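A short write-up of the structure that comes next.
Since the model is a prediction, treat every value here as computed from it, not as a measurement.
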Amino acid sequence: MNQVCAHEGAFEAEEYGGILASYEDTSGQRRDVSVATRRALLDAMGLDPDIRPRIAEPEVRVLFRGQTLTVAKPSELVLEDGARVRVDRTIPADLPLGYHSLQPLDGGDGVWIIHRPDACWLPSDLHVWGWAVQLYAARSRSSWGIGDLGDLRLLADWSRKLGAGVLLLNPLCAVAPEIPQQASPYYPSSRRFRNPLYLRIDQIPGADQPSVGLAELAHAAQQLNAVRQIDRDAVFRHKMQALARIWDIQAARADAAGLARFCQEAGESLQIFATFCALAERFGGDWRRWPSEYRQTDAPAVRRFAERERSRVRFHCWLQWQLDRQLAEAARGLPLVADLPIGVSPGGADAWQWQGELSERATAGAPPDQFNADGQDWALPPFIPHRLRAARYGPFIETIRASLRHAGGLRIDHVMGLFRLFWIPQGLGPDSGGYVRYPADELLAIIAIESYRAGAWIAGEDLGTVQPEVRRQLAKNQILTYKLLWFEERSPADFPELALAAVTTHDLPTIAGLWTGADFAAQQRIGLQPHRAGFEQIRSRLVGATILADDASPAQAVQAAHAALGRAPSAVLAASLDDALAVEERPNMPGTVDQWPNWSLALPRTLESLETATLPQRIAKALARPSRRPDHAPSADGDGASRPVSE
């Protein structure tokens with residue numbers, strides 16, 4: 001018997017496969033999901049829409065600290081660490097936090113137990129501000145055409161001196177090792193591994209050896225800094241050539257024991273990822289287009305290839321080790337907040353490994369609304385809920401755990417996807433999609449466990465239309481809500497404490513772009529049809545929060561906006577480096593592909609000159625936070641109660 005979510009009543013009627021029979025759109029209108037769409041969604045889940053058999057999945061029980069479970073017959077409890085305990089009546093009350101299995105001794109159906117803490121980890125005195133950083137854009141004079149982890153350490157040291165308590169990063173996820181390089185951090189090949197473009201080459205052991213000969217390469221790569229638009233393909237060529245030279249000369253003398261420990265800790269998934277990268281170099285970055293004998297991770301041809309190309313596979317493991325080391329070093333400068341995209345590329349490494357859990361015949365997106373009459377298709381394959389549960393959430397656990405490595409916090413993009421996700425059947429458009437329910441209680445329990453283990457707080461990107469019950473569930477789990485000056489009717493002083501608050505995001509106008517009208521003009525120039533009323537509404541919120549004069553300069557608008565944000569009692573305040581330099585262009589223009597240099601605009605000044613700029617210092621002063629008494633925990637927004645977590 002499957003566990004029933006506590007928020008069941010807040011959702012529309014659910015049909016077979018977790019498909020919602022209807023949903024309420026952003027204008028409050030009820031939309032019925034057609035029979036044809038529901039049949040197509042069932043087909044995309046691998047379910048027969050006519051027979052509708054019982055979905056085979058394990059019984060899962062979520063237990064909070066102190067809760068126990070009565071067994072009907074003698075069983076064996078297998079703890080996460082492999083220890084075994086006989087259970088005759090009830091499981092032990094002091095069960096460790098984690099994932100355990102209860103199996104009847106007579107061989108009947110077992111129960112998978114998720115023993116969770118009361119809520120996600122959240123220090124009671126969390127009261128900080130920090131920069132929201134598009135790392136690729138934050139270049140120093142030493143960068144090879146793109147901001148890297150060495151630059152991140154420099155940025156951390158400077159930010160700490162300004163009083164910042166965190167740095168919030170764009171996703172650093174791996175993309176396929178091919179040209180053209182994928183620019184979007186929200187369309188990764190893998191959410192568990194990282195992009196080698198972020199490596200600082202001169203900080204890799206062995207890079208300074210004369211025999212490696214990197215001076216000419218470094219000079220050529222640093223010339224890329226002269227152009228503001230980042231040329232990822234050129235960066236990829238330069239860095240991969242340099243990394244190959246270091247590897248070829250240093251491989252035999254590298255810290256073999258350290259690499260071996262890293263590989264052992266990362267486990268089989270690292271080997272599969274590294275094998276994918278080696279295969280992608282041979283056949284391209286989309287596994288669906290490879291020769292058929294290589295399309296399954298456990299295929300004999302794949303095993304033979306990995307053995308034959310053992311050195312290249314190990315090279316890609318080594319790259320991930322170097323990324324892990326440099327990220328850990330950057331995190332010593334200031335706590336980092338990672339960003340988890342909502343999904344992965346259908347042709348990437350994660351999709352190759354998890355073909356059984358991801359749908360190949362549907363994509364995730366958003367239904368039509370008043371701002372986008374066509375809806376959105378994100379081209380990301382969604383997890384099939386019953387198959388993810390049948391896998392005991394292994395892919396989800398791995399993803400959350402990897403995202404929290406060396407992180408002091410985690411922002412979960414489109415956090416509503418933990419509750420329900422809009423599916424679009426293959427061959428149809430967003431207007432023919434429907435919502436699929438996910439086991440939120442179980443997913444939230446996993447996030448709480450991994451958050452607690454990592455000592456990292458969690459924030460959920462919950463912008464837009466969100467059901468009240470979702471926000472109550474997030475608050476009860478001590479997951480910070482997301483509040484933007486651009487979207488909120490109320491004053492920042494009235495923002496909730498249990499929140500991550502900012503003026504804007506990477507998908508919205510910068511302060512200077514809004515104030516000068518440059519963002520609106522740019523949208524018109526590239527053929528978009530910007531929403532004039534929406535633009536004016538956001539601008540009026542800025543004026544209302546700041547009482548800016550019409551002739552105020554962009555820098556004055558930036559300073560005033562952050563002075564208003566600084567009045568928010570929210571646990572975390574974020575300011576973007578784009579706003580710190582009064583940049584008019586936003587990092588990403590939704591709804592565009594080639595019309596806008598999405599995720600490819602570097603900051604107009606280097607990190608060295610940023611350190612001497614006055615506007616960042618004014619922002620830092622505006623966002624300076626008084627220390628909070630350690631016995632004071634952030635209050636929740638809504639009906640959920642926030643509470644400190646103790647072991």
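A cation-pi arrangement is absent between R289 and F283, since the terminal nitrogen or guanidinium carbon is not both under 6.0 Å from the aromatic centre and inside a 45° cone about the axis. The cationic group of R539 lies under 6.0 Å from the six-membered ring centre of W515 and within 45° of the ring axis, placing it in a cation-pi geometry. Remark: R192 qualifies as a cation-pi partner of W354 under the 6.0 Å distance and 45° angle criteria applied to the six-membered ring.
With hydrogens and angles ignored, the 3.5 Å screen pairs no side-chain donor or acceptor of T275 with any backbone N or O of A306. Within the 3.5 Å criterion, the main-chain N or O of L197 finds a donor-acceptor partner in the side chain of K239. Under a 3.5 Å cut-off, the side chain of D231 and the backbone N or O of L224 do not form any donor-acceptor pair. A distance-only check finds no donor-acceptor pair linking the side chain of Q223 to the backbone of A218 [under 3.5 Å]. Although no hydrogens or angles enter the test, the distance criterion places no donor-acceptor pair under 3.5 Å between the side chain of E178 and the main chain of A280. Remark: the backbone N or O of W486 is paired with a side-chain donor or acceptor of R541 at under 3.5 angstrom. A donor-acceptor contact shorter than 3.5 Å links the side chain of S553 to the backbone of Q556. Between the side chain of D233 and the backbone N or O of I179 there is no donor-acceptor pair closer than 3.5 Å. Between the side chain of S451 and the main chain of A456, a donor-acceptor pair closer than 3.5 Å is present. Between the side chain of T504 and the main chain of P509, a donor-acceptor pair closer than 3.5 Å is present.
Scanning for side chain to side chain donor-acceptor pair (under 3.5 Å) contacts around R153 gives D157, E329, with sequence neighbours left out. Residues passing the side chain to side chain donor-acceptor pair (under 3.5 Å) test with Q529: none are found, sequence neighbours excluded. Looking at residues two or more places apart in sequence or on another chain, you find a salt bridge (charged side-chain N to carboxylate O under 4.0 Å, His left out) between E281 and R312. With sequence neighbours left out, R525 forms a salt bridge (charged side-chain N to carboxylate O under 4.0 Å, His left out) with no residue at all.
Taking the side chain as every heavy atom from C-beta outward, R605 and T612 approach each other to under 4.5 Å. With contacts defined as side-chain heavy-atom distances shorter than 4.5 Å, the pair L259/R314 qualifies. In this structure the side chain of I246 reaches within 4.5 angstrom of the side chain of I201, judged on heavy atoms. The shortest side-chain heavy-atom distance between F383 and P395 falls under the 4.5 Å cut-off. Under the 4.5 Å side-chain criterion, counting only non-hydrogen atoms from C-beta, Q523 is in contact with R586.
For residues 218-243, no pair satisfies ring pair (Phe, Tyr, Trp, His ring centres under 6.0 Å), with sequence neighbours left out. Applying the ring pair (Phe, Tyr, Trp, His ring centres under 6.0 Å) rule to pairs touching residues 139-178 yields W131-W158, sequence neighbours excluded.
Annotation for R411 and D339: closest pair NH1-OD1, 2.8 Å, computed over non-hydrogen atoms. Nearest heavy-atom pair across S159 and L167 is OG-CD2, 3.7 Å. Annotation for I447 and I458: closest pair CG2-CG1, 4.0 Å, computed over non-hydrogen atoms. Across every non-hydrogen atom of A138 and L577, the tightest pair is CB-CD1, 4.4 Å. The two residues N598 and V593 have their closest heavy-atom pair at ND2-O, 4.0 Å. Shortest non-hydrogen contact noted between A278 and V313 is CB-CG2, 4.1 Å.
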(message) I'd like to know whether L217 forms a side chain to side chain contact (heavy atoms under 4.5 Å, CB included) with Q241, so could you lay out the CA-CA distance, the side-chain angles of the two residues, the decisive distance to 0.1 Å, and finally the verdict.
(response) CA-CA 8 Å; L217 261 180; Q241 186 177 348; 3.8 Å; yes
(message) Could you go through E461 and L463, starting from their C-alpha distance and side-chain angles, then the distance that decides it, and tell me whether this counts as side chain to side chain contact (heavy atoms under 4.5 Å, CB included)?
(response) CA-CA 6 Å; E461 187 272 292; L463 301 175; 3.3 Å; yes
(message) What verdict does the side chain to side chain contact (heavy atoms under 4.5 Å, CB included) test give for V337 and W457, after you've listed the backbone C-alpha separation in whole Å, the side-chain angles of each residue and the deciding distance to 0.1 Å?
(response) CA-CA 9 Å; V337 180; W457 51 266; 3.6 Å; yes
(request) Would you please test Q326 and Y198 for side chain to side chain contact (heavy atoms under 4.5 Å, CB included) and show each step? (result) CA-CA 9 Å; Q326 290 193 7; Y198 289 117; over 6 Å; no
(request) Give the intermediate values and the outcome of side chain to side chain donor-acceptor pair (under 3.5 Å) for residues S600 and R232. (result) CA-CA 8 Å; S600 297; R232 280 182 172 80; 3.2 Å; yes
(request) Test side chain to side chain donor-acceptor pair (under 3.5 Å) on N170 and Y186 and set out the steps. (result) CA-CA 9 Å; N170 63 282; Y186 293 95; over 6 Å; no
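By the 30° and 60° cut-offs, the orientation of the rings of W247 relative to W318 is tilted. Relative orientation of the W599 and Y136 rings is perpendicular, given thresholds of 30° and 60° on the angle between their planes. The aromatic rings of W290 and F276 sit tilted relative to each other, their planes meeting at an angle between 30° and 60°.
Partner of Y482 under the side chain to side chain contact (heavy atoms under 4.5 Å, CB included) criterion, chosen from I412, T505, V415, V572: T505.
Comment: R288 does not engage E360 in a salt bridge, judged by the lack of any side-chain N to carboxylate O separation of less than 4.0 angstrom. The pair R139-D151 does not count as a salt bridge, with every side-chain nitrogen at least 4.0 angstrom from each carboxylate oxygen.
To the nearest 0.5 Å, atoms CG (L154) and CG (L149) are separated by 11.5 Å. Here E608 contributes atom CD and S140 contributes atom OG; the two are 5.0 Å apart, rounded to the nearest 0.5 Å. One distance of note links CG of L484 with CD1 of I538; it measures 9.5 Å at 0.5 Å rounding.
Side-chain contact, Q182 with S345: no donor N or O sits under 3.5 Å from an acceptor N or O.
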